[in-house]
Amino acid sequence: MDRYLVFGHPVRHSKSPFIHTLFARQTQQELEYGLAEPAVDEFAQALRTFFDQGGKGCNVTVPFKEQAFTLVDRLSPRAKRAGAVNTIKLTDDGVLLGDNTDGAGLVADLKSHGVTLADSRILLLGAGGAARGALAPLLAELPSELVIANRTHTKAQQLAAEFHDLGHVTAQTYEQLAGPFDLVINSTSASLQGELPPLAPALIHTDIAIYDMMYGASDTAFVGWAKQQGARQTMDGLGMLVEQAAEAFTVWRGIRPGTKQVLRELKRNLGVI
């Protein structure tokens with residue numbers, strides 16, 4: 001039986017085993033998928049041990065994505081761009097391949113909600129690892145402009161400069177932001193603390209699409225706030241979680257699972273529906 005894991009700290013809350021078990025059942029793949037929560041300074045050893053003992057692949061989540069980037073033998077182009085690895089595969093020739101499926105998962109989920117990315121004006125809130133992973137896949141969809149806003153403006157500027165070769169990317173302070181935007185993506189973790197990024201309510205209009213990469217059994221703080229400002233289309237990151245997992249499953253098994261039914265089952269499991 002092929003073995004897969006998700007590494008994180010903490011990771012007991014992870015829905016990845018639930019998702020990948022459903023993917024395996026759907027595609028008739030024989031595998032088992034578990035959790036690993038090594039101490040922060042023991043990740044490298046735990047990763048080596050897993051593959052030495054016959055592991056076939058793993059997912060990597062907070063706080064190990066940047067460390068995983070340095071531990072693999074080879075990087076996919078999107079992992080190089082993201083500067084982080086969330087998916088590792090042991091190839092047939094014994095090479096540990098590091099990939100990043102987060103951005104592809106985000107774009108796939110946005111499209112599943114009917115959000116048009118081409119020629120759109122996108123506002124990306126945050127300049128951390130989640131934003132970095134999203135930038136290249138978003139820019140590949142050819143938006144008219146992608147604006148990065150972050151509390152620390154220099155981080156947004158650095159990120160915009162790093163990705164300027166892929167499209168029209170600019171960095172602005174929250175105070176400089178001027179609409180209209182077609183899509184706002186919150187990549188910050190503020191919603192985990194029930195907090196909001198300092199976004200002016202005037203930037204929210206009825207036809208805007210709002211996306212929070214965080215998720216929960218009820219609306220995140222950002223989604224709830226956007227609804228109060230009149231946004232009609234709001235989305236959280238639960239679909240992104242499933243879509244990036246499907247991308248990882250495809251990397252490992254060479255077969256792409258369907259996501260709609262799995263997302264419905266996950267929502268039911270979380271008590272969302």
Side-chain angles (χ1 to χ4, degrees), residues 4-16 35-51 55 57-91 95-107 124-139 148-166 169 171 185-193 197 212-215 237 240-241 243-245 247-248 251-252:
Y4 296 85
L5 285 177
V6 55
F7 285 93
H9 192 99
V11 79
R12 279 160 286 183
H13 66 285
S14 175
K15 294 300 179 182
S16 292
L35 302 171
E37 191 176 280
V40 173
D41 60 351
E42 295 176 358
F43 169 61
Q45 183 58 52
L47 187 70
R48 280 193 293 270
T49 299
F50 170 65
F51 283 107
C58 65
N59 288 127
V60 182
T61 187
V62 176
F64 300 131
K65 291 183 183 182
E66 287 76 19
Q67 195 176 348
F69 182 87
T70 68
L71 294 173
V72 296
D73 302 314
R74 194 166 72 226
L75 293 164
S76 72
R78 56 190 179 184
K80 285 181 184 177
R81 269 294 186 178
V85 161
N86 80 329
T87 300
I88 301 176
K89 174 185 179 178
L90 180 66
T91 66
V95 169
L96 288 185
L97 172 67
D99 201 353
N100 191 302
T101 66
D102 286 332
L106 169 64
V107 168
L124 179 61
L125 307 179
R132 177 181 292 275
L135 273 168
L138 284 171
L139 290 168
I148 305 169
N150 189 58
R151 289 180 187 269
T152 306
H153 184 50
T154 52
K155 285 190 69 176
Q157 289 176 311
Q158 291 166 0
L159 207 53
E162 190 174 331
F163 284 83
H164 80 281
D165 60 310
L166 297 184
V169 193
I185 300 170
N186 180 25
S187 77
T188 76
S189 59
S191 286
L192 293 178
Q193 290 79 42
D212 194 341
M213 289 190 187
M214 302 300 110
Y215 64 88
M240 175 181 172
L241 175 69
E243 293 291 350
Q244 68 80 23
E247 188 78 10
V251 170
W252 294 328

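Worth saying up front: this structure is predicted, and the values here are computed from it rather than measured. Side-chain atoms are counted along with the backbone in the values below, which use heavy atoms only and exclude waters and symmetry mates.
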What is the distance from atom [atom1] of [X] to atom [atom2] of [Y], rounded to the nearest 0.5 Å?
X: E66; Y: L71; atom1: CD; atom2: CG; answer: 11.5 Å
X: L139; Y: F163; atom1: CG; atom2: CZ; answer: 8.0 Å
X: W252; Y: T91; atom1: CH2; atom2: OG1; answer: 15.0 Å
X: S187; Y: D102; atom1: OG; atom2: CG; answer: 11.0 Å
X: Q157; Y: T152; atom1: CD; atom2: OG1; answer: 11.0 Å
X: F69; Y: N100; atom1: CZ; atom2: CG; answer: 10.0 Å

Hey, are the side chains of [X] and [Y] touching, using non-hydrogen atoms and a 4.5 Å cut-off?
X: N186; Y: M213; answer: no
X: K65; Y: V85; answer: no
X: Y4; Y: C58; answer: no
X: F7; Y: L35; answer: no

Closest non-hydrogen atom pair between [X] and [Y], with its separation:
X: R78; Y: A104; result: NH1-CB, 3.8 Å
X: I148; Y: G126; result: CG2-O, 3.6 Å
X: P38; Y: A46; result: CB-CB, 3.9 Å
X: G55; Y: L90; result: O-CD2, 3.7 Å
X: I185; Y: L106; result: CD1-CD2, 4.2 Å
X: S16; Y: S14; result: N-OG, 3.1 Å

In sequence, state the C-alpha distance, the side-chain angles, and the governing distance for I88 and L97, and then conclude on side-chain contact (heavy atoms from CB on, under 4.5 Å). CA-CA 5 Å; I88 301 176; L97 172 67; over 6 Å; no
Would you check if the side chain of E37 reaches a backbone N or O of P10 as a donor-acceptor pair within less than 3.5 Å? no
Taking N150's backbone N and O only, do any of them form a donor-acceptor pair with K155's side chain (distance below 3.5 Å, no angle check)? no
Dump the intermediate steps for side-chain contact (heavy atoms from CB on, under 4.5 Å) on L135 and L124, then the final yes or no. CA-CA 9 Å; L135 273 168; L124 179 61; 3.9 Å; yes
Given S191 and D212, is the side-chain hydrogen bond (donor to acceptor under 3.5 Å, both in side chains) satisfied, shown in steps? CA-CA 8 Å; S191 286; D212 194 341; 2.6 Å; yes
Check: [X]/[Y] side-chain N/O donor and acceptor closer than 3.5 Å:
X: Q158; Y: T154; value: no
X: T101; Y: Q244; value: yes
X: N86; Y: T61; value: no

For E243, give me all partners under salt bridge (charged side-chain N to carboxylate O under 4.0 Å, His left out), at least two apart in sequence or on another chain.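 With neighbours one apart ignored, the set is empty.
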Please assess V107 against L138 for the test side-chain contact (heavy atoms from CB on, under 4.5 Å), listing each intermediate value before the final yes or no. CA-CA 7 Å; V107 168; L138 284 171; 4.1 Å; yes
Please test D99 against T87 for side-chain hydrogen bond (donor to acceptor under 3.5 Å, both in side chains), starting from the C-alpha separation and ending with a verdict. CA-CA 5 Å; D99 201 353; T87 300; over 6 Å; no
What about F43 and F64, are their ring centers closer than 6.0 Å? yes
Show your working on salt bridge (Lys or Arg N to Asp or Glu O under 4.0 Å) between E162 and R81 and close with a plain yes or no. CA-CA 9 Å; E162 190 174 331; R81 269 294 186 178; 5.5 Å; no
